[in-house]
Amino acid sequence: MISGKRWATSLALLVLTSAGPVRAQLVVFDPNNYAQNVLTAARELQQINNQILALQNQAEMLINQSRNLVNLPYSSLTQLQQSIERTQDLLKQAQRLAYDVQQIEQAFKTIYAPAAAGVSAADLADNARSRWQTSVAALQDALKLQAGVVGNLDTIKSQSAALVAASQGAAGALAVRQAGNQILAMQAQQLADLTAVVAAQGRAQSLTMAERAAAQDQAREQLRRFLTQGQGDQPSNVRMFH
């Protein structure tokens, strides 16, 4: 039989041996460590959210940049060029004394020149007729040009409405800028039409004034010739009845 002392020693060893693993399996909760872990996880999550937001902003910026590079789907350049060409054609159709400096200088040395004593009466009459025809042609040219410019107003009206509608529906800055440039081009075309009308009217008025001045000078020369000895009326016998 086992003695009492030896049995007590064996029981104590058994209790110590079995108690060791039980204490190793216990989990200890540390509040401070838990709070630190939660804070770290929250910070990492915030960083991820910031990265996602940055990617969204970059994507939006790229989308806006792509929209800014989109061209305006409408162009009025062809219509504006056609209007300008019509006005230019009417200017080129100017009759007789046109918009040419050398031609004008030559005309004022000949048919618009002061009536000289050596010029025959027939030449004076021809010059007067030529000046009158030139004045009438200039007035006709001015009226034709005015009619052409008025005809361009329909084109301006339709193109203005189309450009305004296109600019309002523009997707980006490039399209808006292109619409603005086309509107400026249309305004320049209107200014060119106005300049052409003013030039045509000024030409007609200048030729009319030049015709009147030349006619007055010619009238003085003809009166001088009439009053000059040997150039006026001479008495003669006239038979009234047979």
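A quick note: this is a predicted structure, and the numbers were derived from the prediction, not measured. The analysis underlying the following values was restricted to heavy atoms, covering all of them including side chains, and did not include hydrogens, waters or symmetry mates.
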Enquirer: Less than 4.5 Å apart, any side-chain heavy atom of Q81 and any of Q189?
Expert: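 No - every pair of side-chain heavy atoms lies 4.5 Å or more apart.
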Enquirer: Does I52 sit in a hydrophobic cluster with other residues, and if so which ones, taking ILVMFWY side chains as linked at heavy-atom separations under 4.5 Å, directly or through other members?
Expert: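 Via sub-4.5 Å side-chain contacts, I52 links to I48.
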Enquirer: Which pairs count as salt bridge (charged side-chain N to carboxylate O under 4.0 Å, His left out) when at least one residue sits in residues 111-125, sequence neighbours excluded?
Expert: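 Of all non-adjacent pairs touching residues 111-125, none passes salt bridge (charged side-chain N to carboxylate O under 4.0 Å, His left out).
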Enquirer: Just by distance, do the side chain of D217 and the backbone of P114 share a donor-acceptor pair under 3.5 Å?
Expert: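 Flag not set: sc D217 to bb P114 has no pair under 3.5 Å.
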Enquirer: Tell me, do M186 and S76 make a side-chain contact under 4.5 Å, heavy atoms counted?
Expert: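 Sidechains of S76 and M186: no contact.
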Enquirer: Here's a test for you: under side chain to side chain donor-acceptor pair (under 3.5 Å), which of K157, Q190, R86 qualifies with N152?
Expert: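 With N152 as partner, side chain to side chain donor-acceptor pair (under 3.5 Å) holds for just one option, R86.
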Enquirer: Would you call R225 and E221 a salt bridge, taking side-chain N to carboxylate O under 4.0 Å as the test?
Expert: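 Salt bridge between R225 and E221, a charged N being under 4.0 Å from a carboxylate O: yes.
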Enquirer: Calculate, to the nearest 0.5 Å, the distance between atoms CD and CD belonging to Q88 and Q93 respectively.
Expert: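 The CD atom of Q88 sits 12.0 Å away from the CD atom of Q93.
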Enquirer: Treating Ile, Leu, Val, Met, Phe, Trp and Tyr as nodes and any side-chain heavy-atom pair under 4.5 angstrom as an edge, say whether Y99 and L90 lie in one connected cluster.
Expert: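 Shared cluster, yes.
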Enquirer: To the nearest 0.5 angstrom, please state how far the CD atom of E211 sits from the OG atom of S206.
Expert: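 Atom-to-atom, E211:CD and S206:OG are 13.0 Å apart.
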Enquirer: Could you tell me the separation between the OG1 atom of T40 and the CD atom of E44, rounded to the nearest 0.5 Å?
Expert: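 The distance works out to 6.5 Å.
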Enquirer: Which heavy atom of A98 sits nearest a heavy atom of Q103, and at what distance?
Expert: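 A98 and Q103 have their closest heavy atoms at N-OE1, 3.6 Å.
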Enquirer: Using the test side chain to side chain contact (heavy atoms under 4.5 Å, CB included), find all partners of T195 that sit at least two apart in sequence or belong to another chain.
Expert: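 Per chain and number, T195 pairs via side chain to side chain contact (heavy atoms under 4.5 Å, CB included) with L191.
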Enquirer: Just grab all the salt bridge (charged side-chain N to carboxylate O under 4.0 Å, His left out) pairs involving residues 124-151, residues at least two apart or on different chains.
Expert: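 Non-adjacent pairs meeting salt bridge (charged side-chain N to carboxylate O under 4.0 Å, His left out): D126-R129, D141-R203.
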Enquirer: In Å, rounded to the nearest 0.5 Å, how long is the span from CG of L163 to CD of Q79?
Expert: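 Result: 9.0 Å between the selected atoms.
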Enquirer: Taking the side chain from T110 and the backbone from Q106, do they hold a donor-acceptor pair closer than 3.5 Å?
Expert: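 Answer holds: yes.
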Enquirer: Do Q133 and Q95 pass the side chain to side chain contact (heavy atoms under 4.5 Å, CB included) test, and can you show the C-alpha distance, the side-chain angles, and the key distance before you say yes or no?
Expert: CA-CA 10 Å; Q133 291 174 347; Q95 306 171 70; over 6 Å; no
Enquirer: Do R96 and S130 pass the side-chain hydrogen bond (donor to acceptor under 3.5 Å, both in side chains) test, and can you show the C-alpha distance, the side-chain angles, and the key distance before you say yes or no?
Expert: CA-CA 9 Å; R96 302 179 69 86; S130 179; 2.9 Å; yes
Enquirer: How many angstroms lie between CD in Q182 and CD in Q178, if you round to the nearest 0.5 Å?
Expert: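 Rounded to the nearest 0.5 Å, the CD-CD separation comes to 7.0 Å.
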Enquirer: So, for L145 and A196, which heavy atoms are closest and what is the spacing to 0.1 Å?
Expert: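 Heavy atoms only, the tightest pair is CD2-O, 3.0 Å.
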Enquirer: CD1/I156 to CG/D193 distance, rounded to the nearest 0.5 angstrom?
Expert: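 I156 CD1 to D193 CG: 7.0 Å, rounded to 0.5 Å.
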Enquirer: Can you get from I183 to Y74 by hopping between Ile, Leu, Val, Met, Phe, Trp and Tyr side chains that sit under 4.5 Å apart?
Expert: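 Both belong to a single hydrophobic cluster.
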Enquirer: If you link I, L, V, M, F, W and Y whenever their side-chain heavy atoms are under 4.5 Å apart, who else ends up in the same group as L124?
Expert: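 L124 clusters with V119.
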Enquirer: List, by chain and then residue number, the residues other than L97 in its hydrophobic cluster (Ile/Leu/Val/Met/Phe/Trp/Tyr, side-chain heavy atoms under 4.5 Å); write none if there are no others.
Expert: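 So far as hydrophobic clustering goes, L97 is joined with I104, F108, I111, Y112, L207.
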